[in-house]
Amino acid sequence: MALRRTRTTERDRSRRVLSQNFLADRAAIARLVDAARPDPDGLLLEVGAGRGQLTRPLAARCRRLVAYEVDPDAGVELARVCAALPTVTHRQADFLATSPPREEFAVVGNIPWSLTAAVVRWCLAAPGLRSATLLTQWEYARRRAGDYGRWSRLTVLTWPEFGWRLAGRVPRTAFRPVPRVDAGLLRIDRRSQPLLAPHTLPAYRRMVELGFGGAGGSLAASLARQYPRARLAAALRASRLDPDTPVGHMWPEQWLVLHRLLHAR
C-alpha cells in the first residue's frame with residue numbers, strides 16, 4: 001500500500017528521539033500479527049504499543065493482551081483504543097522495568113530499535129516466555145538468525161534453549177516517521193525440549209564464550225586455552241571441522257556436536 005507523504009511535525013521529531021517508528025502500512029501490520037501466531041487462549045504482551053496500530057488486530061486473535069507504552073503522548077491515544085477492547089489491558093509503563101508474568105506468555109512488538117538488545121535480554125531471561133516476535137532493524141535480525149552465514153555469540157549461547165528465525169523483511173516506507181533502514185521480523189521460540197540436558201548448559205556456555213574469545217582468530221586457537229590439544233584435535237576431526245574455522249562461521253548445531261565430543265565421558 002502506497003503511503004501518503006506528510007510533513008514532519010514536532011511530535012515526529014520527539015518520536016525519533018524516543019526511537020519510535022510506528023507502523024503505518026496495513027500489510028506490514030498483518031505480516032507481523034501472522035508471524036506472531038498468537039495463542040487464542042494464551043497471555044500476550046505487546047511491547048511499544050504506540051497508538052494501538054498492532055493492538056487492535058492482536059486483540060482479535062487472543063483473549064488476553066497487555067499493551068505496554070511508555071510514551072505519554074502515544075499512551076493517551078492507546079488508552080482510548082484499549083478502552084474499547086475488553087480483552088486488552090493498557091499499561092502506561094516501561095516494559096523493561098516490569099517483572100515477567102509467572103504463567104507462560106508470548107511477546108510481540110514493533111520495539112524501539114535503540115532498546116532492541118535490552119528487550120531481547122528481558123525476553124530470554126523470562127522463565128515463562130514461550131515466544132517473542134519482534135520487529136527490529138534488518139541487520140540485527142539477519143545477524144541473530146544467521147542469515148549472513150555467520151552466527152552471533154548470543155544466538156549460539158542460547159541455541160540449546162531457543163530457536164532464532166528470520167520471518168521476513170519490512171521496508172522502511174512502512175513506518176511513520178520513515179527510518180533510515182528496513183526492518184526485519186525476528187522470531188525467537190523457546191524449545192519445548194532443550195537440545196542439551198540442563199545440567200550441561202553451564203559447560204556449554206563456557207565453551208562458547210571461550211570459542212568467541214578471539215584468541216588466535218580461529219576456533220582451535222581459542223578452545224586450546226582450556227582443552228587438551230589432542231582431545232580438541234580429535235573432536236574437530238570427528239565433527240569434520242577445520243581447526244582454522246572462524247567461530248562466527250560455525251553453525252549452532254556444530255557447536256552442540258563439538259560440546260558433546262569434548263565433554264563425553
Side-chain angles (χ1 to χ4, degrees), residues 1-3 15 18-71 74-75 77-78 81-82 85 87-91 95-96 104-120 122-124 126 129-145 147 162-190:
M1 181 179 74
L3 298 181
R15 288 178 188 131
L18 292 171
S19 188
Q20 292 174 298
N21 300 97
F22 299 144
L23 274 176
D25 183 88
R26 293 181 182 178
I29 292 171
R31 288 180 64 195
L32 178 50
V33 174
D34 288 343
R37 302 194 305 272
D39 178 355
D41 299 315
L43 174 61
L44 183 63
L45 309 184
E46 183 187 359
V47 190
R51 300 189 299 267
Q53 296 95 329
L54 279 171
T55 308
R56 291 187 186 91
L58 287 172
R61 300 274 290 270
C62 66
R63 296 178 184 175
R64 292 187 296 157
L65 174 64
V66 181
Y68 288 88
E69 177 54 54
V70 70
D71 176 24
E77 298 179 56
L78 179 64
V81 171
C82 294
L85 301 170
T87 61
V88 179
T89 300
H90 170 222
R91 295 278 173 80
F95 173 80
L96 294 173
E104 291 187 353
F105 66 96
V107 170
V108 63
N110 171 28
I111 60 178
W113 290 351
S114 63
L115 299 178
T116 299
V119 171
V120 169
W122 189 100
C123 291
L124 295 175
L129 179 87
R130 305 317 303 167
S131 69
T133 307
L134 306 173
L135 199 54
T136 74
Q137 284 186 329
W138 174 240
E139 296 300 313
Y140 181 93
R142 292 191 70 187
R143 288 198 305 270
R144 291 290 182 246
D147 195 52
F162 294 93
W164 298 70
R165 182 170 62 87
L166 183 61
R169 183 172 186 165
V170 176
R172 67 189 192 95
T173 52
F175 298 88
R176 177 75 171 88
V178 179
R180 294 182 178 179
V181 297
D182 290 347
L185 283 166
L186 180 64
R187 173 86 185 196
I188 307 171
D189 286 281
R190 184 185 294 275

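Quick note: residue numbers are just sequence positions, from 1.
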Does A36 have any side chain to side chain contact (heavy atoms under 4.5 Å, CB included) partners at least two apart in sequence or in another chain, and if so, which? P38, V108, T133

Side chain D182, main chain R172, donor-acceptor under 3.5 Å: yes

Closest contact, heavy atoms only, L85 versus A59: CD1-CB, 4.1 Å

Contacts of R64 that satisfy side chain to side chain donor-acceptor pair (under 3.5 Å) - sequence neighbours left out: E103

Sorted by chain and number, sequence neighbours left out, salt bridge (charged side-chain N to carboxylate O under 4.0 Å, His left out) with R190 holds for none

Who are the salt bridge (charged side-chain N to carboxylate O under 4.0 Å, His left out) partners of R63, not counting sequence neighbours? D41

Closest heavy-atom contact between Q137 and V181? NE2-CG2, 4.0 Å

W138 side-chain N/O to V170 backbone N/O, donor-acceptor pair under 3.5 Å: no

Hits for side chain to side chain contact (heavy atoms under 4.5 Å, CB included) against D34, two or more places apart or cross-chain, chain-then-number order -> R61

From CG (L32) to CG (L54), nearest 0.5 Å: 5.0 Å

Can you list everything that forms a salt bridge (charged side-chain N to carboxylate O under 4.0 Å, His left out) with R142? Sequence neighbours excluded, please. D147

For the student: nearest non-hydrogen atoms of F22 and G50, plus distance: CE2-CA, 3.9 Å

Going by the rule ring-ring contact (aromatic ring centres under 6.0 Å, His included), which residues pair with F95 if we only count those two or more places apart in sequence or in a different chain? Y68, W122

Euclidean distance, R26 CZ relative to Q53 CD, rounded to 0.5 Å: 12.0 Å

Distance-minimising heavy-atom pair for C62 and T87: O-OG1, 4.0 Å

Tell me, please, which residues at least two apart from D189 pass salt bridge (charged side-chain N to carboxylate O under 4.0 Å, His left out). R187

Minimum heavy-atom separation for A141 and L186, please, with both atom names. O-CD1, 4.0 Å

To the nearest 0.5 Å, what is the distance between CZ (R165) and CD1 (I188)? 11.5 Å

Counterpart residues, side chain to side chain donor-acceptor pair (under 3.5 Å), relative to R130 (two or more places apart): none

Residues that A106 engages under side chain to side chain contact (heavy atoms under 4.5 Å, CB included), provided they are two or more places apart: L44, S131

Contacts of T116 that satisfy side chain to side chain donor-acceptor pair (under 3.5 Å) - sequence neighbours left out: none

Kindly compute the distance separating SG (C82) from CD (E46), expressed to the nearest 0.5 Å. 8.0 Å

Go through it in stages, so that I can follow the logic: the residues are L135 and L185, the test is side chain to side chain contact (heavy atoms under 4.5 Å, CB included), and I'd like the CA-CA distance, side-chain angles, deciding distance and then a yes or no. CA-CA 5 Å; L135 199 54; L185 283 166; 3.6 Å; yes

Once rounded to the nearest 0.5 Å, what's the spacing between atom CZ of R56 and atom CG of L65? 12.5 Å

Heavy-atom closest pair (L129 atom, C123 atom, distance to 0.1 Å) is CD2-O, 3.3 Å

Identify, with sequence neighbours excluded, every residue that meets side chain to side chain contact (heavy atoms under 4.5 Å, CB included) alongside T89. V66, R91

Working to the nearest 0.5 Å, report the span between CG of N110 and CG of L134. 10.0 Å

